[in-house]
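Below: the structure, in C-alpha cells.
Below, chain A is the first sequence line, B the second, and so on; all start at residue 1. All values below come from the heavy atoms of this structure, side chains included, with hydrogens, waters and symmetry mates left out.
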Amino acid sequence: MPPKRASQISPNASVPPIPKAPSSATSSSSSKSSSAPTQTAQTAQTVLFDLWQRYLNTTPQRVKLIDVFMAFLVVVGGLQFVYCVLVGNYPFNAFLAGFGATVGQFVLTASLRIQTNPENKREFGSVSHERAFADFVLGSLILHFFCVNFIN
Amino acid sequence: MAVEVLEPFLKGDTGRNTRGLLRLIILCTIAAAAVASRLFSVILDPWFNFRATKYLVQNGFYSFWDWFDDREASHPVAQLVYEPRKPAEEPKRTRTWHPLGRVTGGTLYPGLMVTSGIIYHVLRFLSMPVDIRNICVLLAPGFSGLTAFASYLITSEMTTSPSAGLLAAIFMGITPGYISRSVAGSYDNEAIAIFLLVFTFFLWIKSVKNGSAMWGALTALFYGYMVSAWGGYVFITNLLPLHTFVLICMGRYSPRLYVSYSTWFALGTLASMQVPFVGFLPIRSSDHMSALGVFGLLQLVAFVEFIRQQVPNKQFQTLLRGLIFVVFVVSMGVLVLLTVSGVIAPWSGRFYSLWDTGYAKIHIPIIASVSEHQPTAWPAFFFDLNLMIWLFPAGVYMCFQQLKDEHVFVVIYAVLASYFAGVMVRLMLTLTPVVCIAAALAISSILDTYLVAENPIPKETQANGQATSDSIKSAADVIKDSLRSTRNPVLGIYSYVSKASVVGAVTTYLLLFVLHCTWVTSNAYSSPSVVLASKLPDGSQHIIDDYREAYYWLRQNTPDKAKIMSWWDYGYQIGGMADRPTLVDNNTWNNTHIATVGKAMSSREEVSYPILRQHDVDYVLVVFGGLLGYSGDDINKFLWMVRISEGIWPDEINERNYFTARGEYRVDDEATPTMRNSLMYKMSYYNYNALFPAGQAQDRVRGSKLPAEGPQLSTLEEAFTSENWIIRIYKVKDLDNVGRDHGSAVAFDKGNKKKKTAKRRGARVLRVE
C-alpha cells in the first residue's frame, strides 16, 4: 500500500500535476498535446501491468473465485444487453428480469467481497464472514424470487 | 423510600430488563392511545377501496388482478367479456366510467386491499370470523400504532437517549397531521403508507449503519410493499439516492454505503416493477432516474476505491483521469441517445407541479383542482403539528451537531419534506414523521439535561481523569488552563429551581399538546364528509344528512342500470352508497372522460344534451350549497370543470367567458350569458327563486342576490331535491314523442298549461323538520 514508486518519481506524490504545470504554463497547449500521448500510453501500459501483477500476487484464492464469478456476470449481462440491442427487446419483462438478475447478483457478490475483505474489518464490525455469506444468500433468494416472478 | 425499593430493579442486569419491560409497556400504551384517539367517529370513506377489498376476499387474488370493474362480484368478469354467445345479457355492463369501464387491477395500488385481505384470512385461520368491513375500518388506526413503534425505532437509531424514541412514538401517535389521514374508517392508501414510509427509512438507516446486506434487502422488501401501497413511494425513490449522493459528496463514501445502497437498489427496483400499475416506470420515467444515476455513480466510486487500494498513488492519478474521461463521454453519449430516441419519458406532470406551483393550474388542471393539492396555508402547520413545529428546527440543529450518516439523512429529509409540505397540503403527511423525530430529539435533550437528579462529578475525580490524559494535552488545553473560569469546567445544572422550572414548563407544553391534539382530532378530522354537522343558535348540534338522503333516493327510485352523471368527486360515493353506475369517479385515470363531463356541465343545454344522450346518462346530480351556505358545492368547483374541459376543447370552452367584463366570477344579474346558460348554473338555480318572495332569492355561499327570473330547463327535469337543497338530481328527458326539439316542446307546454302547473305545484316551502 505505501507508494514507494511514487516517491521515486516525484517528492510531492499527492499532487503530481502541480510541479509540471507552472513550467508549461506559458507554453502553448500544442506542445503539451504532442508529448502527452506517448507518455500516457507508456504509463498507462505499465500501470495496467502493475495492477494485474499486484492483483495476482496479493489476492487470496477465495476472493479470486468471487472475482471470476463477477466477471462471468458482467459477460452474461453484456451479452443480454447486446442481444437486446441487436434483436429487439420484445419480451421486455424477460429481458429486464434477466438483466436485473445479473446486475443484482453482481452487486450482491460485490457486497460479499467487500464485507469479507479483511481491510474493511473496521467498517463492518457487526458483520462476520458467516453473516456476510448468509446475507448474500438471503439477498440472492429474494432477487431470484422477483426475477422468476417477473419473467412471465 | 420508593427510590430505595426500586433501586435493585433499576441497576445492573435486572435494571436493564426492567427498563426494557417498562419501555415495552410504554410503547404498548402509546400504540393503544394512538388507536383510541382515532375512534371519535367511524365512517368508511373511500368506498371504492372497500369494494375492491371485498372483491379480493371473495374472488381471490388472481381474479382481482384481472378485475375489469363491472361491480358484479358474483360473476367472474371473464364470462361477461369473453363469451359473446350470450348477448341477451348486455355484453358490457360497466359500472364505473360508464362507456369505458376501468381495468381496475392495473390502475390501482393493491397494497391496501391485499393487506386487509391477508389480515382477514389470518383471522379466519385463527378461527376468528371477523367481517371484512371491520378490518377495513380499523386498519388505519391499527397501522398508526405500528407507525408509532416504527418512529420509536428510527429515533432510537439517531441518539443514545432512550427517552427520545418514546417521545417520538407518542408524538407520531397523536399528532393531528397524521391523524387527519388515519381516523377509523378512512380506508385510504395513506393508512398503511405512512407506516411503510417510516419503517423503510428505519431499515435504510439500519443498513447504512451496519453495512449489512440483510438490512438492505429488508429495506428493498418494504420499499416494494410501499410501492404497492401508495404513489408517494417516489419520495423514497428520490430521498435514499439523495442521501447517498450527499454522503458521497461530503467525502463519506464507505463500503457500508455501497453494500446497503446497491442491495436496496437492485432488489427494490425489481420489487417495484412487480406492481402492474408501476410496471416499467422505474427504468422509463425521469422520476426514477436519480436512483439509477446514483447507483451508477456508486459503482464507479466503489471501483475507483478498489483500484486505489491496488495501485500506488501516482499511477492512480493517471488512471483516475482516464477513467473520468471515458465515463463522462460514454454516459453523455448514452443520455443523448436515450433522450433523442425518446426511451426515457420526460418528468411526470405531478413532479413539475412540485417545483412550479403555477404549473399544474395551467397544464394539468385535474391535479390542481383537488383541494389537497393546493399550497399549504401557514396556520395549517401549527394546526397540524402544534408545538412540534417550533421544536423542529431545534431538532434539526441537533442533528447538525452530531452529523453522522444517519443525521445527514434526517437533515435532508427535513429540508425536502418542509418544502413539499409547503407546496401541497397533502404532503404534510410526509413531513409529519421527520417533525416528530426532530421534536423528540430536541425535547429529550432538554429533559435529559435538566432531569438528571445527581450533581455533576466533583472536582477531585475530574482531576484524576485529567492526570491520565495529561500526555495528550493539546494547545487548546493550555489555553483553557490559563483562564480561571475554564480551568475546571463543571458542566451541569445545579439548582433545583431551574431544573423544576424548565421541566415544569416542558411538561406543561406537552400537556397542552395533548389537549390540542384531542381537540383538533375530535373537531376537525373526525367529521365525515358525507354527514355535515352544524350548530343551531341554541348551541345544539344539527346533523345535515342530505348526501345520504339523496343517495338513498337514487337507490330506491331509479332503475338498477341508470347511469348517473356527476362531477368526479362524488363518483365513489354514488357507486358505493347509491349503487348506481357513474361516468367518472375519484380514480381520475382518464382525463378526457372527465373533461367530457366538464364540457356537458359547462355548455349550453343544446350542446350538453347530445353529450348526455351519447353517454346514456339517465340522471345528473349536482351539489348546491346556496341555500345552506355550504361552500364546497359545484358552483364553486365549476371553474375547474371549465378549465379541465378547456384543456381538451379549447375552441368550444373558454374560461374567460365565465367571468364578467371586470373579471369577477358572479352568479347574480351581472353573470355572463355563458355562465347563465351553462347547464351547471341552470341545474343549481332551477326553481330556486320559488323558495323566496319575488325578487328576494339569495345565494348564501356567494352572498349575492339572484336574478328575479330563474333559469329555465328544457332538456332535463327535476327529479329530486334533498332537504337542504344540497343535492339536486335531474332526469334527462327522452327524445320528444313528436320530434320537436325540447325547447319548443317546453314552450308549447308552458303556453297550454300555465295555470294548471301553478295550481299543482303551489309555492315551494322549505322543509325544516
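Formation of a donor-acceptor pair under 3.5 Å by the A:Q115 side chain with backbone atoms of B:G211 is found in this model.
Around OH of A:Y55, the count of heavy atoms belonging to other residues, nucleotides or ligands within 6.0 Å exceeds 12. Heavy atoms of other residues, nucleotides or ligands lying less than 6.0 angstrom from CZ of A:F95 number more than 12. Summarising the local packing, CZ of A:F92 is surrounded by more than 12 heavy atoms from other residues, nucleotides or ligands at distances under 6.0 Å. Atom CZ of A:F81 has 12 or fewer neighbouring heavy atoms from other residues, nucleotides or ligands inside a 6.0 Å radius.
The contact between A:T58 and chain B is made entirely by side chain atoms (from C-beta outward), counting heavy-atom distances below 4.5 Å. For B:F265, no part lies near chain A; criterion is any non-hydrogen pair under 4.5 Å. Neither the backbone nor the side chain of A:F145 comes within contact range of chain B; no heavy atom of the residue lies under 4.5 Å from a heavy atom of that chain. Of the two parts of A:L138, only the side chain, counted from C-beta on, holds a non-hydrogen atom closer than 4.5 Å to a non-hydrogen atom of chain B.
Side-chain atoms of B:M214 and A:F136, non-hydrogen and from C-beta on, never get closer than 4.5 Å to each other. Residues A:F124 and B:V259 meet the side-chain proximity criterion, which asks for heavy atoms closer than 4.5 Å. Side chains of A:V107 and B:Q299 form a contact here, defined as non-hydrogen atoms less than 4.5 Å apart. Between A:N93 and B:F280 there is a side-chain heavy-atom pair separated by less than 4.5 Å. A:F146 places a side-chain heavy atom less than 4.5 Å from the side chain of B:L221.
Annotation: side chain to side chain donor-acceptor pair (under 3.5 Å) contacts involving residues 94-110 of chain A, sequence neighbours excluded, comprise A:Q105-A:S140, A:Q105-A:H144.
Scanning both residues, B:A266 and A:G104, for their nearest heavy atoms gives CB-CA, 3.7 Å. Nearest approach of B:S212 to A:D135, heavy atoms of both residues: OG-OD2, 3.0 Å. Scanning both residues, B:L267 and A:G139, for their nearest heavy atoms gives CD2-O, 3.9 Å.
Comparing A:S111, A:A132, A:A97 by how many heavy-atom pairs each has under 4.5 Å with chain B, the most go to A:S111.
Annotation: the span from A:I142 atom CD1 to B:L218 atom CG amounts to 6.5 Å, rounded to 0.5 Å. Separation of atoms OG (B:S262) and CD1 (A:I114) is listed at 7.5 Å; rounding is to 0.5 Å. Here A:F150 contributes atom CZ and B:Q274 contributes atom CD; the two are 6.0 Å apart, rounded to the nearest 0.5 Å.
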